[in-house]
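Everything below concerns the one structure shown next.
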Amino acid sequence: MKISNVLAVGMAALVGFSFQAEAQEKKLVLEARAVAKAKDGESEAKGKMRRIEIVASTRAGHYTYQKDVDNTADVAIDKHFSSFYVLMPPDLVEAQKLYAAESFAEARPKLAESRKKWENWKGLPEGPYLKAFRMEVECAIRMMDFAGAASIAKSFPDDMKKLLTPQDKVLCNTAVILGAAAKNDPAKLEEAVNRVLKGEDKKAVTPQLYGWLQFAVAMAYENAVPAEERAANNISEANAVAASKAIDCYCRTGMSSHGAQMELPIEGMKRAQKLLWAMPGVQKEVKDFGHPTPDKFKKASQNFQDAVILAYMLINVYGVEAGKTSDLAKAAALFQNTKSKKK
């Protein structure tokens, strides 16, 4: 595939915010706004919006609220209200700001704390527990802690999974697949990815999630190539097919998830370039190439050309640091003067 396509369409991560509630840390009371459902024969709900204080929500779609000073009442959300707006507590607002600023290492422990703190409210639709969980999984993925992301995803309570949106379900499946990629057979991992892409929640697969799934498949194929061959920049013909599949999937990651978040796209492109540099015959071409000229470059193999172009892009477009004696810098240097001058 042409590496120049790596700069194609990307998807910026969208982050939603909720309003901050008044501090009620000591009571651990969560505030919400609700409006009464429309009565029979009425097309719209009547009544004013009012603020209620949630004291617990241990069942999906149900909560207990403070009716008055001495009494509480249990409510089934879908039977008692037509609208329900959760106001986020201060601790989650703080973590959410760090997440939105892409300070994932700082946001992640705070999100874990919020999730633990609001565990007794986990049955609340779009409540603090679910929001913290969702962001915590993504933080782990974007920090490339795939084992951690899988562990968080698997920890979501089974009896609360009806609260997950289709996109949440795809996110969880993606995290689990990424966590298994390094140890899994590539064919089996592809089957798992295809189940997500063709499953009931397939319409919820965003370009970013698709890119992450491709990254998982790429890791599995890369790991099918012996580590000693990769380290020696000498992939054998027998393993070239697996390496080629890994390269294609890494490039799909770059094309699909390119945008506001760049951790995995850049990592995918780095891994693709390294594999291209080690493909059969490429090192001999490097040795014989000599001073770069347009004619020589046009005659080189596609693997050689892609390795050189991608190295140049990583350093000069994406700002990847590389020592002067590194393979990446050597490859990038071969791109100089390869473009024909206009007459």
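We use all heavy atoms of the structure for the numbers below, so side chains are in, but hydrogens, waters and symmetry mates are not.
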When the side chains of residues 176-192 are checked against the rest of the protein, which donor-acceptor pairs come out under 3.5 Å, sequence neighbours left out?
{"unit_1": "Asp185", "atom_1": "OD2", "unit_2": "Ala187", "atom_2": "N", "d": "3.1"}
{"unit_1": "Asp185", "atom_1": "OD2", "unit_2": "Lys188", "atom_2": "N", "d": "3.2"}
{"unit_1": "Glu190", "atom_1": "OE1", "unit_2": "Tyr221", "atom_2": "OH", "d": "2.7"}

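Ser256 contributes a side-chain N or O that, together with a main-chain N or O of Arg252, makes up a donor-acceptor pair within less than 3.5 Å. For Ser244 (side chain) and Val241 (main-chain N/O), no donor-acceptor pair under 3.5 Å exists by modelled atom type. Judged purely by atom type and a 3.5 angstrom limit, Asn223 uses its side chain to pair as donor or acceptor with the backbone of Met219. In this structure, Asn173 contributes its side chain and Lys169 its backbone to a donor-acceptor pair below 3.5 Å. Looking at Ser114, its side chain never comes within 3.5 Å of a backbone N or O of Leu111 through a donor-acceptor pair. In this structure a side-chain-to-backbone donor-acceptor pair under 3.5 Å is present from Thr174 to Val170. Looking only at distances, a side-chain donor or acceptor of Trp121 sits under 3.5 Å from a matching main-chain atom of Ile54. The main-chain N or O of Thr64 is never found under 3.5 Å from a side-chain atom of Thr72 such that the two would form a donor-acceptor pair. Of the possible polar contacts, none joining the Glu285 side chain to the Phe304 backbone as a donor-acceptor pair under 3.5 Å is found. Remark: side-chain polar atoms of Asp201 are not paired, donor with acceptor, to backbone N or O of Ala204 under 3.5 angstrom.
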| So Asn303 and Trp277, side-chain hydrogen bond (donor to acceptor under 3.5 Å, both in side chains) or not? Walk me through it. | CA-CA 8 Å; Asn303 285 332; Trp277 193 243; over 6 Å; no
| said: Go through it in stages, so that I can follow the logic: the residues are Tyr318 and Tyr312, the test is ring pair (Phe, Tyr, Trp, His ring centres under 6.0 Å), and I'd like the CA-CA distance, side-chain angles, deciding distance and then a yes or no. | reply: CA-CA 9 Å; Tyr318 295 102; Tyr312 182 86; over 10 Å; no
| field | Evaluation steps, side chain to side chain contact (heavy atoms under 4.5 Å, CB included), between Gln208 and Glu138 | value | CA-CA 11 Å; Gln208 178 175 282; Glu138 185 171 335; 3.8 Å; yes
| query | Going through the distances and angles, do Glu126 and Lys131 end up as a side chain to side chain contact (heavy atoms under 4.5 Å, CB included)? | reply | CA-CA 6 Å; Glu126 290 304 311; Lys131 284 183 176 288; 3.7 Å; yes
| said: One pair to check against side chain to side chain contact (heavy atoms under 4.5 Å, CB included): Phe156 and Leu130. What are the steps and the verdict? | reply: CA-CA 9 Å; Phe156 195 82; Leu130 178 55; 3.9 Å; yes
| said: What verdict does the salt bridge (Lys or Arg N to Asp or Glu O under 4.0 Å) test give for Lys110 and Asp91, after you've listed the backbone C-alpha separation in whole Å, the side-chain angles of each residue and the deciding distance to 0.1 Å? | reply: CA-CA 8 Å; Lys110 291 185 179 296; Asp91 59 290; over 6 Å; no
| query | Does the side-chain hydrogen bond (donor to acceptor under 3.5 Å, both in side chains) test come out yes or no for Ser236 and Glu229, once each step is laid out? | reply | CA-CA 7 Å; Ser236 65; Glu229 290 188 10; 3.2 Å; yes
| task | Tell me, with the steps shown, if Ile315 and Phe335 meet side chain to side chain contact (heavy atoms under 4.5 Å, CB included). | result | CA-CA 12 Å; Ile315 294 174; Phe335 185 73; over 6 Å; no
| request: I would like to know whether Lys117 and Glu113 meet salt bridge (Lys or Arg N to Asp or Glu O under 4.0 Å); could you show each step before the answer? | output: CA-CA 6 Å; Lys117 178 178 180 179; Glu113 288 174 9; over 6 Å; no
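When each of Arg271, Gln214, Lys270 is checked for a side chain to side chain donor-acceptor pair (under 3.5 Å) with Tyr250, only Arg271 meets the rule. In summary, of the residues considered (Arg134, Lys162, Lys161), a salt bridge (Lys or Arg N to Asp or Glu O under 4.0 Å) with Asp168 occurs for Arg134 alone.
Side-chain contact of Gln167 with Thr206: a donor-acceptor pair under 3.5 Å is absent, judged by distance alone.
A salt bridge does not link Glu119 to Arg115: none of the charged nitrogens lies less than 4.0 Å from a carboxylate oxygen. With salt bridges taken as basic N to acidic carboxylate O contacts below 4.0 Å, none links Glu136 and Arg108. A salt bridge links Asp288 and Lys284; the closest N-O separation between the charged side-chain nitrogens and carboxylate oxygens is under 4.0 Å. The pair Lys245-Asp248 does not count as a salt bridge, with every side-chain nitrogen at least 4.0 angstrom from each carboxylate oxygen.
Pro157 has its side chain within reach of Lys122: a pair of non-hydrogen atoms, C-beta onward, lies under 4.5 Å apart.
A single hydrophobic cluster is seen to contain both Val286 and Leu275, as judged by linkage of ILVMFWY side chains at heavy-atom distances under 4.5 Å, directly or through other members.
Nearest approach of Ala218 to Cys249, heavy atoms of both residues: CB-CB, 3.5 Å.
For Phe146 and Phe215, the distance between ring centers is under 6.0 angstrom.
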